[in-house]
Amino acid sequence: QVQLVESGGGLVQAGGSLRLSCAASGLTSSTYAMGWFRRAPGKQRDFVAAITWSGRITRYVDSVKGRFTISRDNAKNTVYLQMNSLKPEDTAVYYCAADRLGRISGSYYEYDSWGQGTQVSVSS
């Protein structure tokens, strides 16, 4: 059973940076793609970024391109989301997700496992 635990959220001023981490366990094959999603208050869960098992292919939503970087360290079973130049509209609960088929999809329903989320708040 895959378990995902996010950490690294917090309160930061606009223009600041945070790095989210997602510690994974139970990844039984070298196919899992990993993704980050977010849900702002009163809004649906939105795709942020995804990365293949090898780390060679990444995907981002347009609104975070050039500001956020997804990476992974398979030796540590950890995925990261480096967030720079944060804006108030980045405020949300951020969720880590795993897709055993490795698709780096932007659709939440193609991910099999989810973490509990970590809150990111950006003040203006």
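Values in this document were obtained by computation on a predicted structure and should not be read as measured data.
The list of disulfide bond (SG atoms under 2.5 Å apart) pairs with a residue in residues 21-124, not counting sequence neighbours, reads C22-C96. For residues 15-41, the pairs satisfying salt bridge (charged side-chain N to carboxylate O under 4.0 Å, His left out) are R38-D90, with sequence neighbours left out. Within the structure, ring pair (Phe, Tyr, Trp, His ring centres under 6.0 Å) pairs that include any residue of residues 55-100 do not occur (at least two apart or interchain).
Under the rule for a side-chain hydrogen bond (donor to acceptor under 3.5 Å, both in side chains), the partners of Q119 that lie at least two apart in sequence or sit in another chain are S121. Every residue was checked against the ring-ring contact (aromatic ring centres under 6.0 Å, His included) condition with W53, not counting sequence neighbours, and none meets it. Here F47 pairs with F37 under the ring-ring contact (aromatic ring centres under 6.0 Å, His included) rule; sequence neighbours left out. In terms of the side-chain hydrogen bond (donor to acceptor under 3.5 Å, both in side chains) criterion, residue partners of D46 (sequence neighbours excluded) are, by chain and number, Q44. Scanning for side-chain contact (heavy atoms from CB on, under 4.5 Å) contacts around S25 gives Q3, with sequence neighbours left out. Partners of S17 according to the side-chain contact (heavy atoms from CB on, under 4.5 Å) rule, which considers only residues two or more places apart in sequence or in another chain, are Q82, N84. Taking T91 as the reference, nothing meets the side-chain hydrogen bond (donor to acceptor under 3.5 Å, both in side chains) condition, with sequence neighbours excluded. Residues satisfying the side-chain hydrogen bond (donor to acceptor under 3.5 Å, both in side chains) test with Y111, not counting sequence neighbours, are none.
From L27, atom CG reaches atom CE of M34 across 6.0 Å, with rounding to the nearest 0.5 Å. We find the CD1-CZ distance between I51 and R59 to be 14.0 Å, quoted to the nearest 0.5 Å. Put simply, NZ on K87 and OG on S124 are 14.0 Å apart, with the number rounded to the nearest 0.5 Å. Here OG1 of T58 is found 12.0 Å from CZ of R72. Values are rounded to the nearest 0.5 Å. For the atom pair OG1 of T31 and CG of D99, the computed distance is 8.0 Å after rounding to the nearest 0.5 Å.
For the pair S105 (side chain) and S107 (backbone), a donor-acceptor distance under 3.5 Å is present. A donor-acceptor distance shorter than 3.5 angstrom exists from the side chain of E6 to the backbone of Q116, with no hydrogens or angles considered.
Through direct or relayed side-chain contacts under 4.5 Å between Ile, Leu, Val, Met, Phe, Trp and Tyr, I57 connects to I104.
Annotation for R100: atom CZ does not count as buried by contact number, only 12 or fewer foreign heavy atoms lying within 6.0 Å.
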